[in-house]
Amino acid sequence: MPVSPAAGPGFTSWPWLALLALAPAVAAIWFAAVGKPGLGGGLVLGLAALAPGRLVLDLQFAVNGPLTIRPELYLPDRFLGSSAVGGGFWLLVAGHVLTAAAGVVAWRALRNHDEPERRRWRLLVPLLAVVAGAGLLTAPVHSGNGFLLARAAFEGPWPALGGYLLVAAALPLAAVLALAAPAEHVARGALAGLAAAAVGVAAPPVLAGLFRADLDVTWGPALALVAAAVVGGLAGTRLTERTEKSEADLAGSAKLPGLFWWRLTTGLLGLATAIAALIGAFAPQVAVTALNPGATTPVSAAADSPARWFLLAAALVLAVPAAGVLLPKTAAVARPVLGVAWAGIVLAGTAVLNTALTATQAGNLAGFGGAAAPVFSYDLGAGAAWTFAALVLAALAALAAAGTGVVEREDAGDGAEPDHRTLTPVAAGAILAVAAFGLPVFAVPGYVAAGLWSHLDTPSWGLLTAAVVVVGAAALATRSRPKPAAALLAGAALLTALHAAELPLVGGSLGGASPAAGFWVALAATAALLAAAGLSAAGGRRAP
């Protein structure tokens with residue numbers, strides 16, 4: 001059934017969509033019928049993990065159908081300002097709601113309170129999930145069709161962007177939860193269901209690029225397909241680690257080499273993130289192509305992002321702890337700092353990307369605004385691509401840092417107890433940090449900065465990420481041993497200080513900038529977090 005009476009699918013997609021939707025459901029029913037309810041229920045849990053994101057993604061048909069990039073369901077053959085929804089839309093919504101409901105029922109049936117066993121692929125599967133999510137945030141197809149404006153998720157409308165972000169965030173989270181399932185068969189089924197759900201999102205645009213002459217396959221969905229296929233393949237292997245070796249053998253041959261490889265991966269990902277951010281800061285953010293012979297490239301198109309020095313500072317802040325993680329003597333202190341500092345790349349990278357997105361949209365609208373044929377086309381340049389790559393690598397580094405922290409805690413044992421005397425400065429620092437990220441750091445006449453609760457724009461996602469990371473680091477510090485807690489709080493202080501540094505780094509490029517409320521609140525948050533870090537470090541020195 002059509003999702004809208006105004007436009008139909010761009011190719012014969014229903015057999016493929018039916019296969020993608022029905023195959024995992026039939027498999028779950030078959031597993032239940034042959035006496036393997038754990039596999040079937042786990043499969044349903046994996047499918048349900050992406051249902052909320054897919055529901056929000058499909059709401060774009062109701063909000064503004066012509067802006068969707070879903071050629072398997074909707075490809076106009078004429079210009080449309082808006083379109084109504086048809087029966088297919090309501091069936092899509094019902095399908096996602098029922099899938100989520102099935103996931104709730106499966107969770108209630110399969111939940112237990114047993115301790116999970118150690119799983120294999122604890123690093124690889126979440127990293128693959130992050131890669132798949134990053135691939136889904138890119139442009140689904142390359143379009144030569146004048147009625148389909150293909151663009152990445154961050155360039156698209158809010159319902160589609162929200163849906164893709166929910167899917168991208170749910171993939172690694174669901175992968176981690178699947179590996180933490182107490183029962184082996186439930187964990188394997190959940191990973192298989194998650195892979196099937198990811199394929200259901202990534203496969204249709206790839207099929208559209210293959211079957212339509214005016215559409216081409218892009219690397220993002222293809223990469224997501226490969227990552228999802230590998231996760232599905234790993235779901236068919238044994239996930240629980242074998243425990244034939246004695247405790248002495250495990251301590252000598254499993255834990256220490258495992259920690260070495262975790263730290264190596266974390267440090268290399270951190271350095272790769274910093275390098276990508278450095279290139280993104282100085283490479284051109286906008287690519288200008290002359291459409292008419294003899295046209296001269298406009299000088300204004302080469303304007304740099306005012307946030308590029310901000311991104312450069314964030315890269316340097318991340319590079320130092322990343323290098324420290326690679327050194328045995330400093331790894332234990334540098335790893336928690338890196339686990340917070342990666343958010344600075346998101347904070348600065350979204351500000352840089354906002355400049356590129358605004359420039360391309362404004363340039364193309366200006367080019368098509370007159371009666372004459374457009375002279376130039378404006379596209380995202382190499383700087384925007386490298387900045388986006390830095391955001392993806394930052395997420396991977398954060399995930400690796402979290403995994404490294406788990407392994408470090410296992411190797412350290414119980415150790416010293418948390419120092420609860422730091423609760424007051426930690427709470428004050430977290431509250432002030434949230435206020436700082438929600439308030440503008442500088443004021444410039446005629447310039448309105450993006451915020452958390454007003455003037456929402458692409459940089460708002462960076463502000464939200466930084467605020468969540470600081471609050472999370474503060475909460476984790478209250479439950480950590482003194483030395484790791486001090487490192488976490490120091491990383492949070494670096495992040496709030498980096499936010500305050502927007503005044504000279506970004507405001508200085510705009511001219512006439514003066515400190516605003518967010519600057520002073522960010523300084524106060526930095527002071528509170530540094531005081532808490534000092535108290536934690538002092539408590540660690542007094543501990544036996």
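Basis for what follows: all heavy atoms, side chains included, without hydrogens, waters or symmetry-related copies.
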Sidechain-backbone polar pair: Asp457 side chain, Pro459 backbone, donor-acceptor under 3.5 Å
no
Evaluate the side-chain contact (heavy atoms from CB on, under 4.5 Å) criterion for residues Leu353 and Leu391: first the C-alpha distance (whole Å), next the side-chain angles of each, then the deciding distance (0.1 Å), finally the verdict.
CA-CA 10 Å; Leu353 282 178; Leu391 299 183; 3.6 Å; yes
Working to the nearest 0.5 angstrom, can you tell me the gap between Leu59 CG and His96 NE2?
8.5 Å
Checking side-chain contact (heavy atoms from CB on, under 4.5 Å) for the pair Leu494/Val337: CA distance, chi angles, key distance, verdict?
CA-CA 9 Å; Leu494 276 177; Val337 177; 3.9 Å; yes
For Phe11, which residues count as a ring pair (Phe, Tyr, Trp, His ring centres under 6.0 Å) partner, sequence neighbours excluded?
Phe211
Does the side chain of Phe61 reach to within under 4.5 Å of the side chain of Arg70, using non-hydrogen atoms?
yes
Nearest atoms (heavy-atom pairs only) where Pro172 meets Ala168:
CD-O, 3.0 Å
Tell me, do Leu67 and Arg151 make a side-chain contact under 4.5 Å, heavy atoms counted?
yes
Identify the two heavy atoms, one from Leu161 and one from Ala153, that lie closest to each other, and give their separation to 0.1 Å.
CD1-O, 3.5 Å
Please check this pair: side chain of Thr218 against backbone of Pro140, looking for a donor-acceptor N/O pair closer than 3.5 Å.
yes
When you look at Thr387 and Leu311, which way does the side-chain contact (heavy atoms from CB on, under 4.5 Å) test go after all the steps?
CA-CA 9 Å; Thr387 302; Leu311 183 57; 3.9 Å; yes
Heavy atoms, side chains only, cut-off 4.5 Å: are Tyr164 and Leu57 in contact?
yes
Just verifying a value: how many Å separate Leu225 CG and Leu136 CG, rounded to the nearest 0.5 Å?
8.5 Å
How long is the gap from OG1 on Thr496 to CG on Leu432, to the nearest 0.5 Å?
9.5 Å
Grab the two heavy atoms, one from Gly200 and one from Arg54, that are nearest each other, plus how far apart they are.
O-NH2, 3.7 Å
Closest approach of Val201 and Pro204, non-hydrogen atoms and distance?
O-CD, 3.7 Å
Gap between atom CG of Leu463 and atom CG of Leu439 - 0.5 Å precision:
10.5 Å
Evaluate the side-chain proximity of Leu179 to Leu191: yes if any heavy-atom separation is below 4.5 Å, no if none is.
yes
Between the main-chain N or O of Ala450 and the side-chain N or O of Ser460, is there a donor-acceptor pair closer than 3.5 Å?
no
So, taking the atom named CG in Leu529 and the one named CG in Leu489, what distance separates them when rounded to the nearest 0.5 Å?
6.5 Å
Any side-chain heavy atom of Leu223 sitting closer than 4.5 Å to one from Val131?
yes
Verify, without hydrogens or angle tests, whether Arg263 (side chain) and Ala331 (backbone) share a donor-acceptor contact under 3.5 angstrom.
no
Here the pair of heavy atoms bringing Ala473 nearest to Leu488 is O-CD1, 4.2 Å
Can you tell me how far apart CZ (Arg308) and CG (Leu505) are? Round to the nearest 0.5 Å.
12.0 Å
Correct closest heavy-atom pair for Ser4 and Tyr74 would be CB-CE1, 3.6 Å
Step-by-step ring-ring contact (aromatic ring centres under 6.0 Å, His included) determination, Phe519 to Phe442:
CA-CA 7 Å; Phe519 174 77; Phe442 58 87; over 10 Å; no
Test item: Trp16 side-chain N/O and Ser13 main-chain N/O as donor-acceptor pair under 3.5 Å
no
So, do Leu347 and Thr465 sit near enough that their side-chain heavy atoms are less than 4.5 Å apart?
no
Heavy atoms, side chains only, cut-off 4.5 Å: are Val141 and Val217 in contact?
no
Without placing hydrogens or testing angles, list every side-chain donor-acceptor pair under 3.5 Å for residues 267-280, not counting sequence neighbours.
| from | atom 1 | to | atom 2 | distance (Å) |
| --- | --- | --- | --- | --- |
| Thr273 | OG1 | Leu269 | O | 2.7 |
| Thr273 | OG1 | Leu393 | O | 3.2 |
| Thr273 | OG1 | Ala394 | N | 3.4 |

Carefully, step by step, assess Leu73 and Phe89 under the rule side-chain contact (heavy atoms from CB on, under 4.5 Å).
CA-CA 10 Å; Leu73 294 172; Phe89 168 78; over 6 Å; no
Across all chains, not counting sequence neighbours, the ring pair (Phe, Tyr, Trp, His ring centres under 6.0 Å) partners of Phe437 are His499
Verify whether one side chain among Thr350 and Thr458 offers a donor that lies under 3.5 Å from an acceptor in the other.
no
May I ask you to test the Val130-Leu171 pair for a side-chain heavy-atom distance under 4.5 Å?
no
